[in-house]
Undergrad: 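Before we start, here is the structure in question, set down as structure tokens.
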Amino acid sequence: MSLYAADTLGGRAAVVGIGATPFTKDSGSSELALAVEAVRAALDDAGLTPGDVDGMVTFTMDTSPEITVAQAAGIGELSFFSRVHYGGGAACATVQQAALAVACGLAETVVCYRAFNERSGRRFGAGVQQREPSAEGAVLGWSLPFGLLTPASWVAMAAQRYLHTYGLTPEAFGHVAVVDRKYAATNPAAYFHGKPLTLAQHAASRWIVEPLRLLDCCQETDGGQALVVTSPERARGLRHRPALIVAAAQGAGRGQEQMTSFYRDELTGLPEMGVVARQLWRTSGLGPAEMDVAVLYDHFTPFVLMQVEEFGFCGRGEGAAFVAEEGLPLNTHGGQLGEAYLHGMNGIAEAVRQLRGTSVNQVDGCARVLVTAGTGVPTSGLVLTR
């Protein structure tokens, strides 16, 4: 990737398989078992076997190592294995890593996966309980002693500034929750299936950290999701229409921290996502007007508004009105607010379904999808086409 020029990765790999466990609040399974179930489901979806896999990619936060998942899933020798840092910001970057391996000939078929018991086990929403000494931990020392202990509290700082700058009220965030839940209501795999939401219900939900209400915060989920990446040439002989990776990018902004980048010149945008946006548009040769669907990381509603602005779908401070108009189908699986919180991997799977024409909320003629990963941290994104 270059900050100033298109890269040469686009079109050299494709997503050919998707698989997931049920999304629950108490899986009753180990995180390893969830990972293996998702991996096997993704391979079956692609029409491949464990013996076809020679590469694996996951998150640094995942508790199931690549070699352990490979052994448990019946996968043999690996020529490529990798992990990506920064929590949810890694989601699309796992696919980028897989695509790089395929394009360079380091591997032929790579599985990306993420699995956790994030509801019945370690709950990320509980915030920082304890940390081993590290440079990352030292940065948090500027925030934790003052009560900023949880992801919601970190996001609330930027959200409050956003509202102040653009003369908005917390109700602006409700449009994201309503749209997500509309799609989740018709998605049988979603936790909030059959449960749409109104703006009034959003406004009536309790405060978590002002200006964030309960319904501005994503749910917590037990589950696993896996994706299979291979070359376009091999993809032609497989079970489903491939989702071609026409652009993949990572981004970190100047003065970047993990969720606590409070010392930048302004707090009303997501510079790291701006880096991703510029590279995706440059490499793909596409732009906002050419996207048929957007799957935007939605762990907290304010950051969805900032993302549509960073990608140029609308002007600064206009994100709420843009989302409310529903001119662009957004998070058609229900997002992490409505379907499940799988660190964004289930969003990539939804993009693939849209391009195959198999989504439960299918957009007619969908040919191009933008997908993003976690915000507030170094992040990543994809443009997929059919």
Side-chain angles (χ1 to χ4, degrees), residues 1-16 91-93 95-96 99 103 175-176 179-180 183 227 229 232 235 240-251 269-270 272-298 303-316 318-333 335 344 347-359 361-373 375 379-386:
M1 172 179 173
S2 166
L3 286 171
Y4 308 107
D7 60 61
T8 60
L9 181 61
R12 299 175 66 186
V15 181
V16 297
C92 296
V95 176
Q96 182 192 43
H175 297 292
V176 175
V179 168
D180 273 18
Y183 288 119
L227 314 161
V229 176
H240 297 289
R241 173 192 291 162
L244 193 65
I245 304 163
V246 297
Q250 288 182 278
L270 296 166
E272 62 276 6
M273 197 59 81
V275 175
V276 170
R278 292 190 295 274
Q279 190 64 12
L280 292 180
W281 297 149
R282 264 195 301 257
T283 298
S284 68
L286 302 170
E290 294 162 293
M291 295 298 105
D292 298 311
V293 172
V295 181
L296 303 184
Y297 199 94
D298 57 336
F303 281 175
V304 175
L305 304 186
M306 295 182 197
Q307 284 182 82
V308 297
E309 295 166 16
E310 291 288 352
F311 276 93
F313 290 104
C314 62
R316 300 286 179 177
E318 298 174 357
F322 176 84
V323 172
E325 290 169 359
E326 296 191 51
L328 175 71
L330 176 68
N331 294 347
T332 50
H333 57 319
I348 303 172
E350 173 63 10
V352 173
R353 287 190 291 267
Q354 283 288 350
L355 294 169
R356 289 178 178 179
T358 60
S359 171
N361 293 308
Q362 185 61 44
V363 173
D364 291 341
C366 180
R368 303 179 183 94
V369 183
L370 169 68
V371 191
T372 64
T375 47
T379 189
S380 53
L382 301 167
V383 174
L384 304 178
T385 67
R386 66 184 186 190

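Everything numeric here is computed off the predicted structure, so don't read it as measured data.
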Undergrad: Identify the two heavy atoms, one from Pro242 and one from Val16, that lie closest to each other, and give their separation to 0.1 Å.
TA: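 Reported closest heavy-atom pair: CB-CG1, 4.1 Å.
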Undergrad: When you measure from the side chain of Asp298 to the backbone N and O of Gly335, does any donor-acceptor pair fall under 3.5 Å?
TA: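 Checking the backbone N and O of Gly335 against the side chain of Asp298, no donor-acceptor pair under 3.5 Å is found.
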Undergrad: Restricting to pairs with a member in residues 322-331, which pass salt bridge (Lys or Arg N to Asp or Glu O under 4.0 Å), not counting sequence neighbours?
TA: Lys182-Glu326
Undergrad: Would you mind reporting whether Phe322 and Leu305 have side-chain heavy atoms less than 4.5 Å apart?
TA: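 Answer no - side chains too far apart.
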Undergrad: Should Met273 and Arg278 be marked as a side-chain contact (heavy atoms from CB on, under 4.5 Å) after you check the CA-CA gap, both sets of side-chain angles, and the distance that decides it?
TA: CA-CA 9 Å; Met273 197 59 81; Arg278 292 190 295 274; over 6 Å; no
Undergrad: Not counting sequence neighbours, which residues clear side-chain contact (heavy atoms from CB on, under 4.5 Å) with Pro288? List them please.
TA: Trp281, Phe313
Undergrad: What's the separation between atom CG in Leu355 and atom CZ in Arg241, rounded to the nearest 0.5 Å?
TA: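 Result: 8.0 Å between the selected atoms.
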Undergrad: Looking at residues at least two apart in the chain, or sitting in another chain, which of them share a salt bridge (Lys or Arg N to Asp or Glu O under 4.0 Å) with Glu350?
TA: Arg353
Undergrad: Test side-chain contact (heavy atoms from CB on, under 4.5 Å) on Thr379 and Tyr297 and set out the steps.
TA: CA-CA 10 Å; Thr379 189; Tyr297 199 94; over 6 Å; no
Undergrad: Search all heavy atoms of Leu280 against all heavy atoms of Gly381 and return the closest pair with its distance.
TA: CD2-O, 3.6 Å
Undergrad: Minimum heavy-atom separation for Ala351 to Leu384, with atom names?
TA: CB-CD1, 3.9 Å
Undergrad: Is a donor on one side and an acceptor on the other found under 3.5 Å between the side chain of Asn331 and the backbone of Asp180?
TA: no
Undergrad: Kindly write out the residues that satisfy side-chain contact (heavy atoms from CB on, under 4.5 Å) with Ala99, not counting sequence neighbours, or none if the list is empty.
TA: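 Applying side-chain contact (heavy atoms from CB on, under 4.5 Å) to Ala99 gives Leu9, Ala13, Ile245.
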Undergrad: Yes or no on side-chain contact (heavy atoms from CB on, under 4.5 Å) for Met306 and Thr375, after CA distance, side-chain angles and deciding distance?
TA: CA-CA 9 Å; Met306 295 182 197; Thr375 47; over 6 Å; no
Undergrad: Does Gln250 use its side chain to pair, donor to acceptor, with the backbone of Cys92 at less than 3.5 Å?
TA: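 Side chain of Gln250 to backbone of Cys92, a donor-acceptor pair under 3.5 Å: no, none is there.
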Undergrad: For the pair Leu330 and Val304, evaluate side-chain contact (heavy atoms from CB on, under 4.5 Å) and give the outcome as yes or no after the intermediate values.
TA: CA-CA 10 Å; Leu330 176 68; Val304 175; 4.1 Å; yes
Undergrad: For Gly319, does its backbone N or O pair with a side-chain atom of Glu309 as donor and acceptor, under 3.5 Å?
TA: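 Yes, Glu309 side chain to Gly319 backbone: donor-acceptor pair under 3.5 Å.
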Undergrad: Could you tell me which non-hydrogen atom of Ala320 sits nearest to which non-hydrogen atom of His175, and how far apart they are?
TA: O-CD2, 3.9 Å
Undergrad: Would you list the pairs meeting side-chain hydrogen bond (donor to acceptor under 3.5 Å, both in side chains) in which at least one residue belongs to residues 284-295, sequence neighbours left out?
TA: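 Residue pairs with at least one partner in residues 284-295: there are none.
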Undergrad: What pair of heavy atoms forms the shortest contact from Ala91 to Ile348, and how long is it?
TA: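 Closest heavy-atom pair between Ala91 and Ile348: O-CD1, 3.7 Å.
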Undergrad: Work out which heavy atom in Thr332 is nearest to a heavy atom in Ser359; give both atom names and the distance.
TA: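 The answer is OG1-OG, 4.4 Å.
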Undergrad: Under a 3.5 Å distance rule, please check whether Gln354 uses its side chain to pair with a backbone N or O of Cys366 as donor and acceptor.
TA: no
Undergrad: Residues in salt bridge (Lys or Arg N to Asp or Glu O under 4.0 Å) with Arg356, at least two apart?
TA: Asp45
Undergrad: Which of these passes side chain to side chain contact (heavy atoms under 4.5 Å, CB included) with Leu370: Val293, Leu296, Val295, Leu286?
TA: Leu296
